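Because the structure is predicted, anything quoted here is derived from the model rather than measured.
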Amino acid sequence: MPIRRTLRVVRRQWRIVVRRARKVSAPARRAWRRSLHLRVVTLTLVASSLLVGGFGWFIADRSTQILLDRARDEVSSQMSGKVDYAVSQLTVHRTERDPKLPTTISNTVTRLSDGDPTESGGALLELRADNYPDLKPVISDERIDASALLTREMRHSVANESQVARQIRTIDVRGEPVKYLVWGSPVPTSFGHVELYYMVPLTTEDKAANEIRATVAVTGLALVLLLGLLAGLVTRMVVTPVRVAARTAQRLSAGLLDQRMKVDGEDDLALLAASFNQMAANLQRQIVRLEEMSRLQRRFTSDVSHELRTPLTTVRMAADLIFSERDEFEPAVARSAELLQAELDRFESLLTDLLEISRFDAGFAALDAEHSDLVPIIERVAERLAGLAERVGVTIELRLPDTPVIAEVDPRRVERILRNLVGNAVEHGERRPVEVTLATDDAAVAVTVRDHGVGLKPGEERLVFNRFWRADPSRARQTGGTGLGLSISVEDARLHGGWLEAWGEPGGGAQFRLTVPVRSGDRLVAAPLPLIPRDRDRAIEAAPAVDSSAPQTSPAAPSALGDEPAEVL
């Protein structure tokens with residue numbers, strides 16, 4: 001248990017450290033993601049630092065090795081002469097007990113010692129006879145303890161194995177570290193051999209190596225900084241036109257179609273700027289052309305709709321007269337009068353819808369918002385559609401609050417939206433009940449219209465709001481709709497700053513949700529009612545391919561749920 005508790009504490013502390021590190025490094029990571037200039041300069045500095053550092057280390061190491069090799073060659077040459085001289089001086093003694101031998105050794109050391117032993121770092125020379133304890137070692141400068149320079153392994157190799165040995169050792173001489181190249185060689189005599197050790201300070205070579213390293217380091221650092229500066233300048237030359245192009249593209253997307261890039265020179269960046277400007281000019285021409293065509297189309301639709309009013313009024317008067325006298329006609333003529341009256345009604349409704357669409361397209365639609373109670377509006381819609389519902393065998397069930405639901409809306413437009421939604425639900429209800437639910441909260445009011453008919457196929461929830469779109473063109477209309485009802489409803493919802501969303505599934509019916517803000521002009525964040533019906537929540541959660549938490553998109557709703565079906569108007 002204590003171990004587990006300790007592990008939990010460690011993991012908790014580690015997570016805290018990671019979170020803090022991420023928080024601290026967030027600005028740097030954000031700058032790294034957003035700045036191409038920073039990434040190029042940083043990568044250049046890192047790569048150049050590695051390359052320059054590697055080459056600098058190689059050059060410094062080779063220079064140090066060359067200096068050391070030269071010192072070794074020089075000491076080897078000197079050592080050879082010193083050994084020959086020592087041999088010539090010591091061979092005159094036949095035995096190690098010769099009383100003159102110590103004097104000869106001392107004189108030989110004095111003669112062979114070079115350099116001023118009074119100066120720190122001077123060369124040292126020592127004659128030893130480890131195999132003859134009676135002979136004391138003689139050193140050229142007794143003030144320096146040379147025992148630290150002669151390791152036991154080296155003395156063994158020279159004294160016992162008669163081998164030439166060398167090594168590099170560092171000792172303190174008068175408080176300063178001095179590096180020595182120690183060379184040991186046996187000196188054959190008439191009574192055996194003694195050992196000659198020549199210790200040469202590497203102060204000059206070490207100083208030269210340090211200067212080489214410092215020079216390489218300074219040069220490498222300067223080179224890295226220059227490479228970084230060069231990379232920054234070159235990258236800036238490339239990134240600046242790209243940034244200018246990005247800003248120009250943003251201005252173009254914002255509607256400033258006259259924005260262009262400055263073209264300098266004849267290089268690739270100038271070609272990019274020229275191509276960008278040509279593309280912007282072509283887009284501007286196309287957009288202006290399309291806007292003009294759209295304006296002419298809207299103007300044509302509006303003019304035609306208005307011009308049709310006069311002949312339609314005349315035809316309506318004649319049709320009403322004929323329809324009122326139909327009982328006096330033959331059955332075939334009477335039926336023709338009834339069909340004429342019905343089609344005139346549908347044509348007049350279509351003309352009204354076209355005029356409304358043209359007002360939306362021209363941007364002339366205005367919202368006459370007032371504080372209204374939505375409960376009587378829904379009841380009035382249900383009452384007006386009761387005859388149609390009874391005729392097709394559908395019941396309209398209202399689920400309304402007991403208290404008034406007040407919102408700042410245009411009552412005429414809201415009623416038109418609900419009339420279209422409920423009428424569609426009744427027409428596609430397949431003799432099953434249609435449920436109308438109203439709910440509200442502090443910020444929004446939502447109305448859902450649920451049917452249990454044919455439903456919508458996947459993807460049709462986005463098409464159902466298109467003009468003149470029908471899920472099944474072969475279906476006969478019960479209400480004589482124009483195919484523009486849902487399109488007008490979408491525009492009415494947008495005019496309120498609200499959403500009109502659709503959900504459905506094949507064979508499971510459909511549900512439409514209207515959401516408007518309680519106060520006109522407020523921004524909607526959520527709806528009081530779910531788009532997906534509660535009676536379908538469990539089935540949707542059980543289906544892994546459906547995400548019931550994501551809002552379904554539609555032409556009028558940025559936050560609609562699901563990915564499913566639609567209906568015709």
Donor-acceptor pair, side chain of [X] and main chain of [Y], under 3.5 angstrom:
| X | Y | result |
| --- | --- | --- |
| E408 | S520 | yes |
| T448 | F512 | no |
| N277 | M261 | yes |
| R39 | W32 | yes |
| H452 | E430 | no |

First locate atom [atom1] of [X], then atom [atom2] of [Y], and finally report the distance between them rounded to the nearest 0.5 Å.
| X | Y | atom1 | atom2 | result |
| --- | --- | --- | --- | --- |
| I396 | I378 | CD1 | CD1 | 12.0 Å |
| F276 | Q259 | CZ | CD | 9.5 Å |
| E205 | I66 | CD | CD1 | 13.0 Å |
| L225 | L223 | CG | CG | 9.0 Å |
| E491 | I488 | CD | CD1 | 9.0 Å |
| L290 | R285 | CG | CZ | 13.0 Å |

Atom CZ of R236: over 12 foreign heavy atoms under 6.0 Å: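 At most 12 heavy atoms, drawn from other residues, nucleotides or ligands, come within 6.0 Å of this atom.
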Within 6.0 Å of CZ in R29, more than 12 heavy atoms from elsewhere: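 Yes - once you tally the heavy atoms of other residues, nucleotides and ligands closer than 6.0 Å, there are more than 12.
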Any donor-acceptor N or O pair under 3.5 Å, side chains D69, Q65: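 There is such a pair between these side chains.
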